[in-house]
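This report refers to the structure that appears directly beneath it.
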Number of protein chains: 4
Amino acid sequence: MVPLNEEQLTQIRDERKEQIVAAAVKVFARRGIVGTKMSMIAAEAGISHGLLYHYFKSKEELFTTLIEEAMAESLRETTNVNHLAGSPLDKIRAFTEAILDKENMEYFLLVHHARTSNDVPEKVKEIFSKNNMNVYVDLLKNIIVEGQAKGEIVAGDPEKLIVSYISVLSGIMVINANDMEVEGYRIPEIDLLMRIVQKVPE
Amino acid sequence: MVPLNEEQLTQIRDERKEQIVAAAVKVFARRGIVGTKMSMIAAEAGISHGLLYHYFKSKEELFTTLIEEAMAESLRETTNVNHLAGSPLDKIRAFTEAILDKENMEYFLLVHHARTSNDVPEKVKEIFSKNNMNVYVDLLKNIIVEGQAKGEIVAGDPEKLIVSYISVLSGIMVINANDMEVEGYRIPEIDLLMRIVQKVPE
Amino acid sequence: MVPLNEEQLTQIRDERKEQIVAAAVKVFARRGIVGTKMSMIAAEAGISHGLLYHYFKSKEELFTTLIEEAMAESLRETTNVNHLAGSPLDKIRAFTEAILDKENMEYFLLVHHARTSNDVPEKVKEIFSKNNMNVYVDLLKNIIVEGQAKGEIVAGDPEKLIVSYISVLSGIMVINANDMEVEGYRIPEIDLLMRIVQKVPE
Amino acid sequence: MVPLNEEQLTQIRDERKEQIVAAAVKVFARRGIVGTKMSMIAAEAGISHGLLYHYFKSKEELFTTLIEEAMAESLRETTNVNHLAGSPLDKIRAFTEAILDKENMEYFLLVHHARTSNDVPEKVKEIFSKNNMNVYVDLLKNIIVEGQAKGEIVAGDPEKLIVSYISVLSGIMVINANDMEVEGYRIPEIDLLMRIVQKVPE
DNA sequence: CATGAATGAGCGTTCATTCAT
DNA sequence: CATGAATGAACGCTCATTCAT
């Protein structure tokens, strides 16, 4: 006979919001911004479409939230690489493994759609124009330079090398990110990719 | 006002159709299936949207036509590689160069959308389920095997190697295929990519 | 935490109900039936929107209640005029003053919306079809007739005169009942309006 | 076998647009901005709702167009009064007659809704903030002043008098503007209203 | 062959109403 | 009695498709 207390409400809200976000990531990743209908997200989350609007005031806001979270998470992960133990090459390998984790696919597709689509919310465009690849380059440059000094990593402009490598990894993720049973592309083995940066001892 | 004869009409039809196809490729590549409006294609082709329906029965049919043409063209190009002169490594390099040609980006995006989207026409799904990567693998396997025999190309399962390499190249193309104004990914230099397959002389 | 007794509960109910009615009048008057959202009333009353439904079964019922109260009140006021002291013209003046009171604006707007809107509850339509202007006419006719006999009020069909005068006053109220910040209409001075009914001594 | 020529198209477009505007005025006047559904306008105009959007890009734009036309028309009519022949009092009477014309009711309701509703398009708010009553006052002031000089019109601040009179007339129109068969308000006879401004010879 | 007016299915979003707590 | 999470009908608007000219 008494309304739910603040704590319970907060818990319900957090759960629902998480539930929606998870559903939205899944659907947006697979179908893109335009291809995703709010009803699909609602269905995926197992709620009514009306309820979506209690938690996110629009499709735009929902997508923007997702991107913000994704960007933050990716930054966090990249930052982690620097704190790993081991040689520069070990770090690159760890970074590669972390990126190529299948768990990350939805994230990559999300960002790919956000970068690619013309129907992206204005706010997301801003995020990308401010928060470009440079952040990652800066985070990883030291590793490359150090690796080059040690003779573990091929010579050449470190920034070019990083961007190229990230491009390869991102491409791999995006290209493989669908569960089509159809025989298609494949995620290359890490050793194979590492050859791009790894210096071969003469 | 003499009525056009059969031949002239056919010519007009063919020209128009080509015009529409070119416009459609451009728009579909950039905006995906759902993101592309028939009116955009009409505008890009410089014709009325009504006219589109004289040449293509529906958006689905138009997209399907595009994919069929693209698949055929890609097969044609891949076949060409085998007829090139030079060492296996030279052929791989030529193949790489041919693929990374910016001219091909629209094609890669098109195929990416076709593979990725859930809103793809049934017929396109069939095309992909029949016409999978194996064709390319078969076309390029000989080159790899020969290269391995010559010690130019790294050891290992040739098919895995091919699929991985094509995945890398395709990923690169898809990931780079948008507005280059924004600082972002980059197409790696060919030498850098070739390291994936190239055997380093000991 | 002793449970409230019957009497206290009734009191709470009555207070709440009054609180809601006051809020509803305010919002409905300013925004009309369709323009008023239940959430606005709840916010204005400082309660949750869920609670509204403990006191009023629906938006329709709430609005209907408001109209019923307003009609009763207006009848009460009009009746009062007859009991005033003074000449017929004094009574008309008092009536005019009472009506043009700014306090009454919400009432007039409410009735205006109820009369005007097509989305009005069926029950309200009934109220208007039964309880029409005749009641007021009957209440005021004597005053007019008496005034005409005394030469204070212009000659002519008393009923026509009353309805016309009430129309003018009502129109004035409705037209002036919004944001006065904007330079716009104005409530005329009473003397000016009285000229409509007042006979000028020759 | 040939597309319609420019002239025919223009004619169709003009007819349709007129048809829509007429329907929209009717519905908006009767039901207000929020109460009017685009489907109602479409039904009233006898077209599909989709077609509305070929001619007006939104409900807002449609409403704004209506208001702009109404304001222009009202200004035109008011201006006309000054060019009439006759005494100042004749002019006022002509003005009164013109306003009280039943044809104008929809216009008055439209403006009333535009002035009253909180959901009015921003552009309409601007129109009202710029184009306030002063225009009309200025147009009619001379008539009043002249009439006062001639002893035809009561003494007093001419502007107050005009605004009051316009308020009365507008109120009358708004209050009477529904075809409810229910006995209700009535449009007063003109002589009765004219007494507000008319000076009685002593 | 070519045009654009016209239609209607479908999507994003709002809001009255219900109900578990 | 009181709260706010949850639902779904309904509305504004878009766009693929049709068809008269």
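Chain identifiers are assigned alphabetically (A, B, ...) following the order of the sequence lines, protein sequences preceding nucleic acid strands; residue numbering begins at 1 within each chain.
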For DNA chain F, what dot-bracket results from Watson-Crick or G-U pairs at under 3.5 Å, with [ ] for crossers and | for inter-strand partners?
-> .||||||||||||||||||||
Tell me what F56(B) touches on the nucleic acid: a base, only sugar-phosphate, or nothing, going by heavy atoms under 4.0 Å.
-> nothing
Have a look at I47(A) and say if it touches a base, only the backbone sugar-phosphate, or nothing, with a 4.0 Å heavy-atom cut-off.
-> sugar-phosphate
Does any non-hydrogen side-chain atom of [Y] lie less than 4.5 Å from one of [X]?
| X | Y | answer |
| --- | --- | --- |
| Y53(D) | M38(D) | yes |
| T36(A) | F63(A) | no |
| F28(B) | L62(B) | yes |

Rounding to a whole Å, what distance do you find between [X]:[atom1] and [N]:[atom2]?
| X | N | atom1 | atom2 | value |
| --- | --- | --- | --- | --- |
| D119(D) | dT14(E) | CG | C1' | 12 Å |
| I33(D) | dG12(F) | CD1 | C1' | 15 Å |
| L9(A) | dT21(E) | CG | C1' | 9 Å |
| Q8(D) | dA5(E) | CD | P | 12 Å |
| L51(C) | dG4(F) | CG | P | 11 Å |
| L52(A) | dT14(E) | CG | P | 12 Å |
| E61(D) | dG12(F) | CD | C1' | 14 Å |
| I12(D) | dT21(F) | CD1 | P | 8 Å |

Does the side chain of Q19(B) come under 3.5 Å of the side chain of E15(B) through a donor N or O and an acceptor N or O?
-> no
Find the distance between [atom1] ([X]) and [atom2] ([Y]) and round it off to the nearest 0.5 Å.
| X | Y | atom1 | atom2 | result |
| --- | --- | --- | --- | --- |
| L51(A) | R16(A) | CG | CZ | 6.5 Å |
| E7(A) | I12(A) | CD | CD1 | 11.5 Å |
| I67(A) | I33(A) | CD1 | CD1 | 7.0 Å |

Which nucleotide, dT17(E), dG4(E), dT13(E), lies nearest any side-chain atom of Y53(A)?
-> dT13(E)
Give, ordered by number, those residues of residues 17-27 of chain C having at least one heavy-atom distance below 4.0 Å to an atom of DNA chain E; if nothing qualifies, reply none.
-> none
Starting at the 5' end of DNA chain F and moving along, which residue's nearest nucleotide shows up first, E60(B) or R13(C)?
-> R13(C)
Has Y55(D) got a side-chain N or O lying under 4.0 Å from the OP1 or OP2 atom of dA6(E)?
-> yes
Pairwise 5' ranking along DNA chain E for R16(D) and S58(A), keeping only the more 5' one = R16(D)
Is there a donor and acceptor pair closer than 3.5 Å between the side chain of H54(B) and the base of dA2(E)?
-> yes
Taking atom NZ of K125(A) as the centre, report whether more than 12 heavy atoms of other residues, nucleotides or ligands fall under 6.0 Å from it.
-> yes
Crowded around K37(C) NZ? As in, over 12 foreign heavy atoms under 6.0 Å?
-> yes
Distances for protein N or O near nucleotides 9-11 of chain E N or O, under 3.5 Å:
| residue | atom | partner | partner atom | Å |
| --- | --- | --- | --- | --- |
| dA9(E) | N6 | H49(D) | NE2 | 2.8 |

Any chance you could lay out the salt bridge (Lys or Arg N to Asp or Glu O under 4.0 Å) test for K26(D) and E106(D), step after step, and finish with the verdict?
-> CA-CA 7 Å; K26(D) 200 163 170 179; E106(D) 285 179 349; 6.0 Å; no
Indicate the atoms forming the closest heavy-atom contact of H54(C) with R13(C), along with that distance.
-> O-NH2, 3.6 Å
May I have the step-by-step check of salt bridge (Lys or Arg N to Asp or Glu O under 4.0 Å) for K123(C) and E60(C), ending in yes or no?
-> CA-CA 9 Å; K123(C) 198 171 171 189; E60(C) 287 211 350; over 6 Å; no
